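Written out below as structure tokens is the structure these notes cover.
Everything numeric here is computed off the predicted structure, so don't read it as measured data.
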Amino acid sequence: MGKVLIIGAGGVATVAAFKIAKNADVFTDIMIASRTKSKCDKIVEAIGNHNIKTAQVDADDVEQLKKLFNEYKPELVVNLALPYQDLTIMDACLACGVNYLDTANYEPKDEAHFEYSWQWAYKKSFEDAGLTAILGCGFDPGVSGIFTAYAAKHHFDEIHYLDIVDCNAGNHHKAFATNFNPEINIREITQKGRYYENGKWVQTGALEIHKPLTYPNIGPRESYLMYHEELESLAKNFPTIKRARFWMTFGQQYLTYLDVIQNIGMASIEPINYEGHQIVPLQFLKAVLPNPQDLGENYEGETSIGCRIRGIKDGKEHTYYIYNNCKHQEAYNETGMQGVSYTTGVPAMIGAMMFLKGIWRKPGVWNVEEFDPDPFMEQLNKQGLPWHEVFDEDIEL
């Protein structure tokens with residue numbers, strides 16, 4: 001019996017719910033819960049499966065979460081809410097004996113900073129409770145780690161250089177919009193860059209290092225070095241890595257708007273007093289920007305996300321590039337959401353499937369690359385995110 005509770009009702013949760021409902025042989029009972037129940041009901045209407053239950057819950061409130069978990073008794077909670085809420089949901093899972101999966105690591109509300117230490121600290125508690133927690137099961141983090149684990153298992157004796165490359169070559173025909181929650185997106189992009197090299201972390205200015213990279217079916221796009229959370233777990237779990245970096249593409253118009261937003265103080269997370277009310281500028285900006293869930297209908301183009309790897313096999317150096325391209329319109333036609341939501345929501349579903357099938361099930365707190373990648377990779381091809389490999393060609397990095 002595969003009884004699952006999805007927390008969240010945004011674009012990623014919508015895609016995951018669509019895909020979970022399509023795999024009824026694994027997922028026998030589904031509930032979607034969010035702060036706003038009407039959003040959950042809207043997802044159920046879109047899917048057209050009225051066996052899916054919905055509920056209202058404040059994911060910041062451990063007691064509310066515990067009440068819901070004890071009433072519904074899910075085997076697995078799929079956390080597709082905000083990264084701020086990871087720890088409250090993990091606390092409620094421990095209290096109620098429920099397994100856990102998420103797509104993004106915890107970050108505190110009052111600081112634009114994320115690292116795995118807060119969640120890794122739960123390892124012994126989950127072990128002692130006999131519960132599994134699967135961290136970072138979206139695309140990046142998520143598939144990027146599984147691609148790396150697959151490369152290490154099948155194609156390398158030692159991985160030395162890892163570059164995760166993320167290109168969105170889509171056009172949503174908006175002057176400025178973010179592809180997922182604007183608050184999280186802008187916090188992530190405006191912080192300092194960081195990469196791993198020779199056992200140390202090297203810090204850079206925000207978007208300071210950039211170069212054009214050529215993406216399959218897309219062509220060259222200016223790509224910017226950023227810090228991304230999977231670098232932390234991959235550097236730990238694959239100790240032969242000498243350097244690990246993350247690159248993401250941005251159009252010039254997007255960067256110009258972002259620069260203005262920062263310069264006028266609208267990217268600030270420090271509360272200000274406005275006519276007697278405390279407001280956070282970035283949260284106000286989120287309220288006036290286009291909703292990422294509404295971008296899909298007019299979205300053209302595609303994403304391309306993958307890993308470019310250099311390392312040793314049988315004493316010889318090899319390069320390897322593994323990637324997925326996802327068309328925004330195909331994602332929208334299937335789920336009503338654009339490709340960025342699709343590439344995160346589908347892996348979340350597959351990770352939940354891996355757990356419920358007993359393939360990825362061991363007590364403790366784990367990043368996805370610590371499990372067998374093969375069954376997950378097989379499902380990517382079946383569930384709408386087929387992958388491609390390039391051997392021993394120029395990987396540009």
Lys242 and Glu197: CA distance, side-chain angles, deciding distance, salt bridge (charged side-chain N to carboxylate O under 4.0 Å, His left out) verdict
CA-CA 6 Å; Lys242 296 177 181 179; Glu197 188 164 34; over 6 Å; no

Carefully, step by step, assess Ser34 and Lys39 under the rule side-chain hydrogen bond (donor to acceptor under 3.5 Å, both in side chains).
CA-CA 8 Å; Ser34 168; Lys39 290 183 178 178; over 6 Å; no

- Task: Verify side chain to side chain contact (heavy atoms under 4.5 Å, CB included) between Met337 and Gln293, making sure each step is shown before the conclusion.
- Result: CA-CA 6 Å; Met337 295 293 133; Gln293 284 175 262; 4.0 Å; yes

Discussion item. Side chain to side chain contact (heavy atoms under 4.5 Å, CB included) for Asn23 and Gln383? Distances and angles first, verdict last.
Written reply: CA-CA 10 Å; Asn23 288 274; Gln383 303 291 343; 3.1 Å; yes

Between Glu107 and Arg187, does a salt bridge (charged side-chain N to carboxylate O under 4.0 Å, His left out) hold up when you go through it step by step? CA-CA 10 Å; Glu107 64 178 279; Arg187 281 168 63 127; 2.8 Å; yes

Please evaluate residues Met377 and Ile322 with respect to the criterion side chain to side chain contact (heavy atoms under 4.5 Å, CB included), reporting the C-alpha separation (whole Å), side-chain torsions for both, the decisive distance (0.1 Å), and the verdict.
CA-CA 11 Å; Met377 295 285 283; Ile322 180 168; 3.5 Å; yes

| Between Arg194 and Glu115, does a salt bridge (charged side-chain N to carboxylate O under 4.0 Å, His left out) hold up when you go through it step by step? | CA-CA 12 Å; Arg194 196 153 51 110; Glu115 62 181 61; 5.6 Å; no

inquiry  = side chain to side chain contact (heavy atoms under 4.5 Å, CB included) for Glu302 and Asn168? Distances and angles first, verdict last.
reply    = CA-CA 6 Å; Glu302 61 193 289; Asn168 178 13; over 6 Å; no

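Not counting sequence neighbours, the partners of Lys66 by the salt bridge (charged side-chain N to carboxylate O under 4.0 Å, His left out) test are Glu63. By the side chain to side chain contact (heavy atoms under 4.5 Å, CB included) test, Pro212 pairs with Glu222, sequence neighbours left out. The side chain to side chain contact (heavy atoms under 4.5 Å, CB included) search around Val26 returns Met353, Leu356, Lys357, not counting sequence neighbours.
When each of His155, His160, His388 is paired with Tyr320, the ring pair (Phe, Tyr, Trp, His ring centres under 6.0 Å) condition holds for His155 and for no other. For the ring pair (Phe, Tyr, Trp, His ring centres under 6.0 Å) with Trp387, the lone residue among Phe139, Tyr150, Tyr323 that qualifies is Tyr150. With respect to Ile146, the side-chain contact (heavy atoms from CB on, under 4.5 Å) criterion is satisfied by exactly one of Asp372, Ile350, Val368, Asp374: Val368.
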Run the side-chain donor-acceptor check on residues 255-264: report pairs under 3.5 Å with partners two or more places apart or on a different chain.
{"unit_1": "Thr256", "atom_1": "OG1", "unit_2": "Gln252", "atom_2": "O", "d": "2.9"}
{"unit_1": "Asn263", "atom_1": "ND2", "unit_2": "Asp259", "atom_2": "O", "d": "3.2"}

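Ring centroids of Phe376 and Phe371 are separated by 6.0 Å or more, keeping the two rings apart.
Residue Ile32 comes nearest to Ala17 through the heavy atom pair CD1-CB, 3.9 Å, listed as atom of the first residue, atom of the second, then distance. In terms of heavy atoms, Ala104 sits closest to Gln119 at O-OE1, 4.4 Å. Minimum heavy-atom separation, Ile47 to Ala21: CG2-CB, 3.8 Å. Considering all non-hydrogen atoms of both residues, Phe238 and Ala149 come closest at CZ-CA, 3.7 Å. When all heavy atoms of Glu229 and Pro141 are compared, the closest pair comes out as OE2-CG, 3.4 Å. The two residues Cys40 and Ala33 come nearest to each other via the heavy atoms SG-C, 3.7 Å.
No donor-acceptor pair under 3.5 Å is formed between the side chain of Asp58 and the backbone N or O of Arg35. The main-chain N or O of Phe18 is never found under 3.5 Å from a side-chain atom of Thr335 such that the two would form a donor-acceptor pair. With hydrogens and angles ignored, the 3.5 Å screen pairs a side-chain donor or acceptor of Asn325 with a backbone N or O of Pro216. Not one N or O on the side chain of Asn185 forms a donor-acceptor pair closer than 3.5 Å with the backbone of Thr178. A donor-acceptor pair is defined here as one N or O able to donate and one able to accept, closer than 3.5 Å; such a pair exists between the side chain of Lys211 and the backbone of Glu396. Using a distance-only test at 3.5 Å, with no hydrogens or angles considered, no donor-acceptor pair links the side chain of Gln338 to the main chain of Gln329. No donor-acceptor pair closer than 3.5 Å links the side chain of Thr36 to the backbone N or O of Ser38. For Asn273 (side chain) and Gln278 (main-chain N/O), no donor-acceptor pair under 3.5 Å exists by modelled atom type. A donor-acceptor pair under 3.5 Å is formed between the side chain of His328 and the backbone N or O of Gly339. Between the side chain of Thr28 and the main chain of Gly2, a donor-acceptor pair closer than 3.5 Å is present.
Annotation: side chain of Leu397 is in contact with side chain of Val165 (closest heavy-atom distance under 4.5 Å). Proximity of Phe391 to Tyr321: side-chain heavy atoms (C-beta onward) are nowhere separated by under 4.5 Å. The side-chain heavy atoms of Pro74 and Val4, taken from C-beta on, include no pair separated by under 4.5 Å. Side-chain atoms of Trp201 and Leu231, non-hydrogen and from C-beta on, do get closer than 4.5 Å to each other. Looking at heavy atoms from C-beta onward, Thr132 lies out of side-chain contact with Leu101 at the 4.5 angstrom threshold. Side chains of Cys307 and Leu162 form a contact here, defined as non-hydrogen atoms less than 4.5 Å apart. The shortest side-chain heavy-atom distance between Leu225 and Phe246 does not fall under the 4.5 Å cut-off. Taking the side chain as every heavy atom from C-beta outward, Met226 and Phe250 approach each other to under 4.5 Å.
A salt bridge is absent between Asp163 and Arg308: the closest approach of a Lys/Arg side-chain nitrogen to an acidic carboxylate oxygen does not fall below 4.0 angstrom.
Counting heavy atoms of neighbouring residues, nucleotides and ligands inside a 6.0 Å radius, atom NZ of Lys153 exceeds 12 of them. Crowding of Lys3 atom NZ: a count of heavy atoms from other residues, nucleotides or ligands under 6.0 Å exceeding 12. Few gaps surround NZ on Lys236; more than 12 heavy atoms of other groups in view lie less than 6.0 Å from it.
Under the 4.5 angstrom side-chain criterion for Ile, Leu, Val, Met, Phe, Trp and Tyr, the cluster partners of Leu295 are Tyr299. Under a 4.5 Å side-chain heavy-atom cut-off, the cluster of Ile, Leu, Val, Met, Phe, Trp and Tyr residues that includes Val365 is completed by Leu5, Ile7, Met31, Val57, Leu65, Leu68, Phe69, Tyr72, Val77, Leu87, Ile89, Met90, Leu94, Val98, Tyr100, Tyr106, Tyr116, Trp118, Trp120, Tyr122, Phe126, Leu131, Leu135.
Side-chain polar atoms of Tyr342 and Lys19 form a donor-acceptor pair below 3.5 angstrom. Under 3.5 Å, the side chains of Ser233 and Glu369 contain a donor-acceptor pair of N or O atoms.
For the pair Lys362 and Trp366, the cation-pi criterion (under 6.0 Å, within 45° of the ring axis) is fulfilled. For the pair Arg361 and Phe355, the distance from NZ or CZ to the six-membered ring centre is under 6.0 Å and the angle to the ring normal is within 45 degrees.
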